[in-house]
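Bear in mind the structure is a predicted one, so any value in this text is a computation, not a measurement. Counting begins at 1 with the first residue of the sequence.
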Amino acid sequence: MKRRGEVFRRAFLICMVLLITCNAVLVLAYTYFGKRTYVELERKSLNQTADSLQSLFSFPNDQELPKTSLQGYLDVISTSKEVSYVLVLPGIGESVYTNMDVLPTDEHLRTLFDRLSNGESVELDDFEISEKRSAICVGRPLYVNKTTYIGSFILIKEINQINHAFARLSRSLWLVSLLLLPLLILTSYFAVNQMLHPITEMTKVAKQLSKGNYDVRAKDDYPGELGLFARTLNNMSRALSTTIHQLENEKRQLGYILSSFSDGVAAINSQGELTHYNPALMKMFGTVDVHSTMDLVPDRSIWEAFEGVVDSQEPRMFHYNLPGDRVLWISVVPVLSDSEGCVGAVGLFKDATEIEKLERMRNEYVANISHELRTPLTSLRGLLEPLADGMVKDPEKQKQYYSIMLHEVERLSRLITDMLQLSRLQAGTEAMEMTMFDVNELLEEVSQSFQTEAKKRNIRIELETAETLSPVLSDRDRIEQVLVILIDNALRYAKSRICLRASENVHEVVIDVWDDGIGISKENLSRVFERFYKVDKSRKDGGTGLGLSIAKKIMDQLEEQIEVDSKEGEWTCFRFTLKKYVSNAIPLSSVPDIIVSPEDQKPNA
């Protein structure tokens, strides 16, 4: 059997209590008021009988009263109506006739018959026959010519008889009530069930709403207040469904926004509980599983800063250092509500490692530029002042001064030229003329151009290439510039030998510039392509410090690779790649301002 709800049980119990109480009250009321009504009816019946007898035996003139007829009538009436009588006929000796087995006391009778002899009619509801017997009593006097008293009679019906008759009626009534009680209970059960069915259905709808099923609807065609309640519930369900869907969409959008942030984001409520965070923050701190604030960021000082912002309602910014020289900028602001004050705090975790690195590089760049410009200018000033003051008279000395000044001017010119070229490369405004050429031929030309300088330094430049290499497609002048930069750099640090190697794989030609110089330490390898970076800053014959940066930018512009490998104190090797030329291929490079010479579309024979 289906388990009923608490409302049904209570309603059914109340209904049963009311039915049983009403039934008992009705039976008891009927027993009480019905008995009195029954007594009243019996007295009325006795009065009517007594009046009929009085009329029947009231004779005109001086006609003698027929005693036997009167007694006979009384016997018949007493039998049919289950009453007793007492007939008193005064005469020479007073005669008393009755059908009662026990007469009332003489005192009671005498009082009644005295009243009757005086012409009164008698009605008593509590006539006492004996100590335990009471009755209804009705008496009438008898007259001749309506003036002469000739006797009187009393009709008596005992209360015990009335009680006995009424008890039978009451028992029948109680029996009928008990027999009808199961039917009433069953009828009440179905009536209560039918009445509460809409409420039960709406309760199910409310439970489904509480479980998140906002599409459920209640039947709303019930009459009266139940129908109004069902329609109101459905309207609330629709409004709640719309609101929840909007909140879910906003939450989903917020999740997407937070996930798309490259910076870390975290939010807490006024109790310090974590409410929002994004994958970027998890990645910053290497977090996998998050259940609390300390799981996300295992540093109590950060969350104390959040709690301080909640308490003070003032924003706060601070730096936080991570392992590996990483730096975070953390900005925490309070979340304020119009009615509740501060309800939480939101923090932005920005990885400022690159920013600070760039700032440091910018400062170094400005310092290096200042230094590189100031050095030749200081030298020029130191040479010009003696000449201007006429302190140098010897023509040979003057010629030497002019030679040094020319060298410094050329150095300053190279520095400015390199800076302008690097700036154009970084801006992507340098045009690249893509042509097909032979790598072996280019390597031979460049190595020959450095032979004289290499001999001065007692350094051998060797070529190790395959007899035949596939032609490549690139900007020949730019590749030559890169080779010049790499070989010039190698000449400054090589001890006795520089080797130019060329090899190829399936898609590209690989060129190495190797030297047996002082090498580069591991911590400096990642910085060799930075502007103004020099491995050995004590060398006076060092270049501008921009050559390798220019080489890197050229290769990036050509979408080629350049890298460096070294063993400190023994050797250094710069390696870069060139794409092979493919006949009839359509260049898909994103290099700006690419020019392909028509005459170079055919490979050499």
What are the two closest non-hydrogen atoms of [X] and [Y], and how far apart are they?
X	Y	answer
S262	A280	O-CB, 3.6 Å
I156	A135	CG2-CB, 3.4 Å
S121	L116	CA-CD2, 4.5 Å
S270	C342	CB-O, 4.0 Å
V138	A50	CG1-CB, 3.7 Å
C137	L112	SG-CD1, 3.9 Å

Residues in side-chain hydrogen bond (donor to acceptor under 3.5 Å, both in side chains) contact with [X], at least two apart in sequence or another chain:
X	result
E123	N47
T353	D351
T242	none
H319	W329

Can a donor-acceptor pair be found, under 3.5 Å and without considering hydrogens, that links the side chain of [X] to the backbone of [Y]?
X	Y	result
T275	A267	yes
S45	L41	no
S260	Y256	yes
N278	D263	yes
T577	Q561	yes

Kindly compute the distance separating [atom1] ([X]) from [atom2] ([Y]), expressed to the nearest 0.5 Å.
X	Y	atom1	atom2	value
E250	H245	CD	NE2	13.5 Å
R316	S331	CZ	OG	11.0 Å
M284	L296	CE	CG	10.5 Å
I244	N249	CD1	CG	11.0 Å
R326	E354	CZ	CD	10.5 Å
I302	L328	CD1	CG	7.5 Å

So, do [X] and [Y] sit near enough that their side-chain heavy atoms are less than 4.5 Å apart?
X	Y	result
I330	L348	no
L46	K157	yes
I154	V122	no
V297	T293	no

List the steps and the verdict of side chain to side chain donor-acceptor pair (under 3.5 Å) for R527 and N524. CA-CA 5 Å; R527 302 189 60 191; N524 290 327; 5.2 Å; no
Mind checking what makes side-chain contact (heavy atoms from CB on, under 4.5 Å) contact with [X], not counting sequence neighbours?
X	value
L228	R231, T232
E273	N269, Q271
S337	S339, E340, V343

So which pairs with a foot in residues 299-308 pass side-chain hydrogen bond (donor to acceptor under 3.5 Å, both in side chains), sequence neighbours left out?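 Checked against side-chain hydrogen bond (donor to acceptor under 3.5 Å, both in side chains) - neighbours excluded - the pairs reaching residues 299-308 are D299-S301, D299-Y320, R300-E307.
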According to salt bridge (Lys or Arg N to Asp or Glu O under 4.0 Å), does anything in residues 238-248 pair up with another residue at least two apart or in another chain? List the pairs.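 Non-adjacent pairs meeting salt bridge (Lys or Arg N to Asp or Glu O under 4.0 Å): zero.
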Ring pair (Phe, Tyr, Trp, His ring centres under 6.0 Å): which pairs involve residues 272-299, sequence neighbours left out? none
Sequence neighbours left out, what pairs pass ring pair (Phe, Tyr, Trp, His ring centres under 6.0 Å) with at least one residue falling in residues 340-360? none
For F153, give me all partners under ring pair (Phe, Tyr, Trp, His ring centres under 6.0 Å), at least two apart in sequence or on another chain.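 Here no residue qualifies.
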Check V346, D311, V332 against F306 for a side chain to side chain contact (heavy atoms under 4.5 Å, CB included) and give me the one that passes.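 Of V346, D311, V332, side chain to side chain contact (heavy atoms under 4.5 Å, CB included) with F306 is met by V332 alone.
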Looking at E120, I want to see if its CD is surrounded by more than 12 non-hydrogen atoms of other residues, nucleotides or ligands under 6.0 Å. yes
